[in-house]
Amino acid sequence: MSSFAGRMKEYPNISLDRFDRENIHARAYFLSHCHKDHMKGLKGPLLKRKLQFSRTVRLYCSFVTKELLLSNAKYSFWEDYIVPLELESPTQISLVNEVSGEKEDILVTLLPAGHCPGSVMFLIEGCQGNVLYTGDFRLAVGDVSRMEHLHSGSRVKDLQSVYVDSTFYDPRFYQIPSRDICLNGILDLVGNWISQSPYHVVWFNCKAAYGYEYLFTNLGEEFKTQIHINNLEMFKKMPEIVHYVTTDNKTQIHACRHPKDEEYIQGHRLPCGRTAADGTPLQIISIKPSTMWFGERSKKTNVIIKTGASSYRACFSFHSSYSEIKEFLLYLKPVNIYPNVIPIGKTLTEVTHLLNQICRKQSDPEAFIYKPLGVLKRTRTDQSFVDPDSDEGLFEGVDLAPVRKKTPTQPENGQDKTPVLEQTEITYELVVEDQLLPHNYLDCTESNDEDNGQSHLIFTECEVQQDLPDSQTSSDFDIPCTPESKAPGSEELRELYRRLASGEDVFNQR
DNA sequence: GCGATCAGAT
DNA sequence: CACATCTGATCGC
């Protein structure tokens, strides 16, 4: 839940996603998406009065957000005061003090946030520097490198601050299966059920919020059907959604709701009350989309969990995981990072500390000079190092991001009397500057072959969002290990980067 | 009677 | 498995 107070240090004359208290006096309002916890004060009478007296104050949002907002009668008074903006189209906005006439211009760009229909991030450029307010977002690793407006030529724009969706910024939420993997799990489950007979139906137990629509469109597309929902008025101008939803309950896939829907399902009935025409009882399964997460090294289990005789939980997340947020921030390297959300079970101090470790103001100034190639560093020399789950010092001395360190195997605990075997593998961190490489995470291990005395550097792809069977995971890539090949900018490393940068899949050639 | 806030629910 | 919302109790104006 957003706890962002509404204003950014650099641009205190605008308010974003909060419209109560001091925010009422802002010279412009911004709404990142249409979820209630980002709309506090938006239907307030105070704001209504302010709009009538002001000639310049407006609410800026995406076209889709405008449509969703105005579909709710409580917000229809905004009609004449909303300025919808196109995605990825920088727009100049004048912030006018209506008393003094003093004026400040900012350039605003909406960036798709992947959280729910219409959700955006706001990039603000102006006299106080560039700042990014992310709203809520779900972006995959690598997405940020393809966001044109965060770049200037091939370089990342210099960002003073990022106000980030830190919902899952806690190593506990290290990885969340990708959208595609979750979707495939759901399509499998639904397909296997509804193909059995026309009386086999599925009910999605969705929360009352926007964000499930891409699930409905994918289900509709896959099974050439429509999904039953209570009301589709809000989507009437969105053909890509409205084509796949219906208020006609004679369909096998439902996401309809009723105040007592859980009771209905217990009684083997649908919330919409639909029954088969000939009296044959419907065979209903329920699927509850909810977030599932996995630790850094945990082998992921299924994205579908059976929770009862005819009920399932399916992995589904509106928000980026810890590793996705971290990659996003390490890529942008802002001077400051501020959390918009305190993750459950954490304190503001803890999140702020975690975020400070990866922002520019904490790092070595050397870190931001251009380096053309990666560097290999020996990560660990003995068994006595820090808690592998702690981020304490993780990026110390690292000159280029992103980086992922490997941790050595350790004895279970003090109870375990098994002697620690001397390791013949030395783990390195590989530091890659070229942000546009398709492989942001590479592990590198030096392997000493006892038999023939040869050493190799073995590179492994670490794409955390993949959940493929072993047969489909990428293989290692290795090069001979010599003092020369390990050196920064060596021929061997240069060759590896060249091949990666050209899009070659060096990991799957054997 | 309305709004703000909290506990409890899904 | 922890997101966003709704309902109902309570309090204050």
Side-chain angles (χ1 to χ4, degrees), chain A residues 1-4 17-21 23-24 31-49 65 68-69 71-72 74-75 113-119 134-138 165-177 179 182 185 203-215 229-231 234 255-266 271 286-295 298 300-308 311-322 324-325 339-347 350-351:
Chain A
M1 289 291 201
S2 180
S3 59
F4 181 65
D17 287 355
R18 280 292 288 268
F19 311 95
D20 58 348
R21 306 164 73 92
N23 296 303
I24 288 166
L31 177 61
S32 70
H33 65 288
C34 216
H35 276 166
K36 298 266 191 311
D37 57 323
H38 291 254
M39 294 160 64
K40 203 169 185 194
L42 202 57
K43 64 172 166 6
L46 289 169
L47 212 41
K48 223 169 182 168
R49 191 156 48 239
T65 296
L68 297 178
L69 184 69
S71 72
N72 183 335
K74 291 192 172 93
Y75 302 99
H115 175 69
C116 71
S119 68
T134 70
D136 284 352
F137 72 96
R138 174 92 202 257
D165 172 12
S166 42
T167 303
F168 292 134
Y169 201 71
D170 176 335
R172 188 178 144 84
F173 307 112
Y174 195 87
Q175 42 184 335
I176 294 171
R179 278 223 163 90
C182 295
W203 178 64
F204 280 93
N205 183 357
C206 297
K207 293 186 272 263
Y210 297 117
Y212 301 98
E213 292 73 15
Y214 81 89
L215 175 59
I229 59 174
N230 288 11
N231 176 10
M234 57 288 254
C256 43
R257 293 161 42 80
H258 182 278
K260 296 191 172 154
D261 47 25
E262 302 276 11
E263 279 179 33
Y264 275 62
I265 291 301
Q266 300 292 325
S286 74
I287 303 176
K288 183 182 192 138
S290 65
T291 309
M292 296 177 189
W293 59 85
F294 304 91
S298 83
K300 288 190 291 288
T301 56
N302 210 323
V303 296
I304 305 288
I305 306 277
K306 193 156 198 227
T307 53
S311 58
Y312 298 83
R313 228 162 46 84
C315 184
F316 192 92
S317 182
F318 294 167
H319 297 272
S320 276
S321 65
Y322 176 80
E324 288 166 343
I325 299 167
N340 293 345
V341 184
I342 311 306
I344 290 170
K346 279 234 167 331
T347 64
E350 289 173 313
V351 201

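Values in this document were obtained by computation on a predicted structure and should not be read as measured data. In what follows, chains are A, B, ... by sequence order, proteins preceding strands, each numbered from 1.
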Go through the structure and list residues passing side-chain hydrogen bond (donor to acceptor under 3.5 Å, both in side chains) with [X], not counting sequence neighbours.
{"X": "T347(A)", "value": "E350(A)"}
{"X": "K40(A)", "value": "none"}
{"X": "S32(A)", "value": "D17(A)"}
{"X": "E263(A)", "value": "none"}

Calculate the interatomic distance between [X] atom [atom1] and [N] atom [atom2]; express it in whole Å.
{"X": "L46(A)", "N": "dC2(B)", "atom1": "CG", "atom2": "C1'", "value": "13 Å"}
{"X": "D170(A)", "N": "dA2(C)", "atom1": "CG", "atom2": "C1'", "value": "11 Å"}
{"X": "Y210(A)", "N": "dT5(C)", "atom1": "OH", "atom2": "C1'", "value": "13 Å"}
{"X": "I342(A)", "N": "dA2(C)", "atom1": "CD1", "atom2": "C1'", "value": "15 Å"}
{"X": "D136(A)", "N": "dT5(C)", "atom1": "CG", "atom2": "C1'", "value": "14 Å"}
{"X": "I344(A)", "N": "dC1(C)", "atom1": "CD1", "atom2": "P", "value": "14 Å"}
{"X": "K36(A)", "N": "dA4(B)", "atom1": "NZ", "atom2": "C1'", "value": "17 Å"}
{"X": "F173(A)", "N": "dC1(C)", "atom1": "CZ", "atom2": "C1'", "value": "8 Å"}

Inset, instruction - Would you mind telling me which of dT5(C), dA2(C), dT5(B) lies closest to the side-chain atoms of K40(A)? - result: dT5(B)
Legend entry - A314(A): side chain to side chain contact (heavy atoms under 4.5 Å, CB included) partners, not counting sequence neighbours: I186(A), I287(A), I304(A)
Inset, instruction - Please tell me which of R257(A) and F294(A) maps to the more 5' nucleotide of DNA chain C, matching each residue to the nucleotide holding its nearest heavy atom. - result: F294(A)
Legend entry - Residue closer to the 5' end of DNA chain C, R172(A) versus A208(A) (nearest nucleotide): R172(A)
Legend entry - K346(A), NZ: over 12 other non-hydrogen atoms inside 6.0 angstrom: yes
Inset, instruction - Could you tell me whether Y212(A) contacts a base, only the sugar-phosphate backbone, or nothing, with contacts defined as non-hydrogen atoms closer than 4.0 Å? - result: nothing
Inset, instruction - For H115(A), answer base if it contacts any base atom (sugar-phosphate contacts may also be present), sugar-phosphate if it contacts only those atoms, and nothing otherwise; contact means non-hydrogen atoms under 4.0 Å. - result: sugar-phosphate
Legend entry - H33(A) side chain near dA4(C) phosphate (N/O to OP1/OP2, under 4.0 Å): no
Inset, instruction - Ignoring backbone atoms, test whether H319(A) places a side-chain nitrogen or oxygen under 4.0 Å from the OP1 or OP2 oxygen of dA2(C). - result: no
Legend entry - Residues which pass ring-ring contact (aromatic ring centres under 6.0 Å, His included) with H115(A), listed by chain and number, not counting sequence neighbours: H33(A), H35(A), F318(A), H319(A)
Legend entry - Non-neighbouring partners of F137(A) that pass ring-ring contact (aromatic ring centres under 6.0 Å, His included), sequence neighbours left out: F328(A)
Report each atom pair, protein N/O against N/O of nucleotides 8-11 of chain C, whose distance is under 3.5 angstrom.
none

Inset, instruction - Verify whether the ring centers belonging to Y174(A) and Y322(A) lie closer than 6.0 Å. - result: yes
Inset, instruction - Apply the test side-chain hydrogen bond (donor to acceptor under 3.5 Å, both in side chains) to residues S290(A) and R313(A): give CA-CA distance (whole Å), side-chain angles for both, the deciding distance (0.1 Å), then the verdict. - result: CA-CA 7 Å; S290(A) 65; R313(A) 228 162 46 84; 2.6 Å; yes
Restricting to nitrogen or oxygen on both sides, can you table the protein-nucleotides 8-10 of chain B pairs closer than 3.5 Å?
unit_1, atom_1, unit_2, atom_2, d
dT10(B), O3', E262(A), OE2, 2.3

